[in-house]
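All values derive from a computational prediction rather than experimental measurement. Nothing fancy with the numbering, it's 1 onward along the sequence. As the structure lists them, so they are numbered: ligands from 1, and atoms in each ligand from 1.
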Amino acid sequence: MNKKILIVYTGGTIGMKSSERGYVPITGFEHLIRERLDHSHHALLPHFDLIELSPLIDSANLSTNHWASMVEPIIKLQNNYDGFIVLHGTDTMAYSASALSFMLQGLNKPVIFTGSQIPLSELRNDALDNLITSMLLAIEEVINEVCVYFSGRLLRGNRSSKVKATGLDAFDSPNFPWLGQIGLNIELHANLFLPESNETFKVPNFTDGAVSIVPIYPGINGDIITAINSDKKCKAIILRSYGVGNLPDQNSSLIQALTKASDSGTVLVNISQCLQADIRQGQYACSAVLNDIGVISGAEMTLEAAFSKLHFLTATEASNATIKHKFPIALSGEINR
Ligand code: ASP
């Protein structure tokens with residue numbers, strides 16, 4: 001096979017080994033991959049090069065500036081490869097896949113995020129299959145977008161969420177069909193893939209803390225919103241509401257704090273705590289107040305996509321009116337409109 005792919009190794013369980021303090025990512029993973037891939041099958045796989053980011057991280061340590069270091073080699077070497085794999089920890093993979101889907105609009109090549117629940121270094125693992133299948137997916141010409149491949153499922157990256165902490169089928173896209181199923185055969189649903197895009201790449205300077213997430217819970221006090229909003233870096237707050245977008249409208253401390261935050265120019269976005277959801281502000285009287293305050297519906301967007309999109313928009317757009325205008329419109333297939 002004369003196709004070529006680039007693997008960007010960021011860390012995560014797939015490349016970890018156990019230490020006295022638990023699993024840690026280790027350098028030199030390329031050697032282990034080459035050792036594990038059966039030599040007799042090399043001819044069926046694309047040629048690959050591997051770039052190891054430094055430092056490697058457990059993805060629980062992800063901060064927003066890691067996104068630029070993942071995307072830079074892909075942009076720099078875009079013409080040298082047919083496709084790309086990002087090896088990433090599962091804990092925050094859906095955040096990074098979402099962020100890269102916004103940054104890499106216009107790449108028009110497959111970018112497949114994968115990882116594993118058990119390290120490749122262990123006898124029994126899910127790493128080898130996730131890796132080999134991702135290598136085959138990374139040369140599929142029908143894929144023009146950032147995906148997550150995990151345990152037989154090919155998912156749109158910005159529709160994916162980690163749904164299981166220990167099950168090998170750790171990822172799903174609860175509000176969007178799988179882009180492909182990989183069992184006996186590789187079955188791709190060609191009608192679901194994004195078309196080629198004419199957009200150009202944007203690699204903005206992200207700021208940790210520009211976007212916060214606040215879950216709604218019984219008895220919540222508005223002070224939590226006030227405290228977050230008093231941080232100068234805060235540009236947007238995601239409210240994780242109940243069901244179709246509900247919250248306690250009789251909780252005056254909360255409503256007053258939200259009103260003040262919105263009046264001060266902070267973008268407020270409504271995302272459900274339910275994995276399978278579509279926000280309908282005003283379906284119940286208790287959520288009608290959100291329309292008055294100017295909270296924007298996140299519709300069926302995942303929390304991870306909404307978070308990364310708000311980071312992307314607050315880093316690329318100057319005015320909060322533009323951010324509010326652009327947020328509900330699909331950039332890269334993350335929402336149905
Ligand atoms: N804590 C690990 C990480 O996200 C978990 C994993 O990779 O499965 O890096």
Side-chain angles (χ1 to χ4, degrees), residues 7-33 36 50-71 73-74 84-101 111-135 137-138 146-174 178 182 206 208 211 213 275 302-305 307-308 311:
I7 301 179
V8 179
Y9 168 47
T10 70
T13 295
I14 191 163
M16 289 193 183
K17 280 205 167 144
S18 45
S19 75
E20 276 172 14
R21 289 173 59 81
Y23 283 132
V24 285
I26 44 135
T27 58
F29 188 47
E30 180 175 358
H31 178 71
L32 183 63
I33 294 183
R36 289 286 193 278
L50 185 142
I51 288 180
E52 194 168 291
L53 296 191
S54 176
L56 297 168
I57 57 163
D58 183 307
S59 81
N61 280 316
L62 183 86
S63 76
T64 57
N65 58 34
H66 287 109
W67 293 333
S69 52
M70 288 174 207
V71 100
I74 297 178
F84 302 87
I85 292 179
V86 182
L87 298 178
H88 196 290
T90 60
D91 288 341
T92 55
M93 188 185 296
Y95 289 91
S96 293
S98 298
L100 266 67
S101 78
V111 177
I112 313 291
F113 273 74
T114 197
S116 66
Q117 295 279 57
I118 309 173
L120 182 63
S121 58
E122 300 210 350
L123 171 67
R124 195 178 62 79
N125 68 72
D126 55 332
L128 190 61
D129 176 62
N130 284 348
L131 178 66
I132 289 177
T133 305
S134 294
M135 290 174 82
L137 291 167
V146 177
C147 301
V148 165
Y149 173 73
F150 218 91
S151 188
R153 299 171 185 176
L154 181 66
L155 311 171
R156 174 160 301 152
N158 59 34
R159 296 284 194 153
S160 69
S161 286
K162 182 175 178 181
V163 294
K164 290 189 184 174
T166 56
L168 298 186
D169 50 346
F171 283 84
D172 206 342
S173 55
W178 300 346
I182 292 83
F206 294 106
D208 280 340
V211 183
I213 302 169
L275 273 181
T302 62
L303 173 70
E304 297 89 336
F307 179 85
S308 308
H311 263 292

- Any N or O of Asp91 that comes nearer than 3.5 Å to an N or O of ligand 1? yes
- Query: With only distance considered, is Ser59 within less than 3.5 Å of ligand 1 through an N or O on each side?
  - Reply: yes
[Y] backbone acceptor or donor facing [X] side chain under 3.5 Å:
{"X": "Asp126", "Y": "Ile118", "answer": "yes"}
{"X": "Thr13", "Y": "Gln117", "answer": "no"}
{"X": "Thr92", "Y": "Ser59", "answer": "yes"}

Per-atom contacts, ligand 1 versus [X] - under 4.0 Å to a heavy atom:
{"X": "Gln117", "result": "8 (O)"}
{"X": "Asp58", "result": "1 (N), 2 (C), 3 (C), 4 (O), 9 (O)"}
{"X": "Gly12", "result": "7 (O), 9 (O)"}
{"X": "Thr13", "result": "2 (C), 5 (C), 6 (C), 7 (O), 8 (O)"}
{"X": "Ser116", "result": "8 (O)"}

- Query: side-chain contact (heavy atoms from CB on, under 4.5 Å) with Met16: which of Val24, Leu120, Ile26, Asp58?
  - Reply: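 With Met16 as partner, side-chain contact (heavy atoms from CB on, under 4.5 Å) holds for just one option, Asp58.
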- Indicate yes or no: at least one non-hydrogen side-chain atom of Tyr149 is less than 4.5 angstrom from one of Asp129.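 Touching, per the 4.5 Å side-chain cut-off.
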- Under 3.5 Å side-chain donor-acceptor pair for Thr64 and His311: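 Thr64 vs His311: no donor-acceptor pair found between side chains.
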- Message: I'd like to know if the side chain of Thr90 pairs up with that of Lys162 as donor and acceptor (distance under 3.5 Å, no hydrogens or angles considered).
- Response: yes
- Item | atom 8 (O) of ligand 1 [closest protein heavy-atom partner, distance rounded to 0.1 Å] |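 Result for atom 8 (O) of ligand 1: Thr90 OG1, 2.5 Å.
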- Could you tell me whether ligand 1 has any atom less than 4.0 Å away from a heavy atom of Pro25?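 In this structure, Pro25 fails to qualify as a contact of ligand 1 - no heavy atom is under 4.0 Å.
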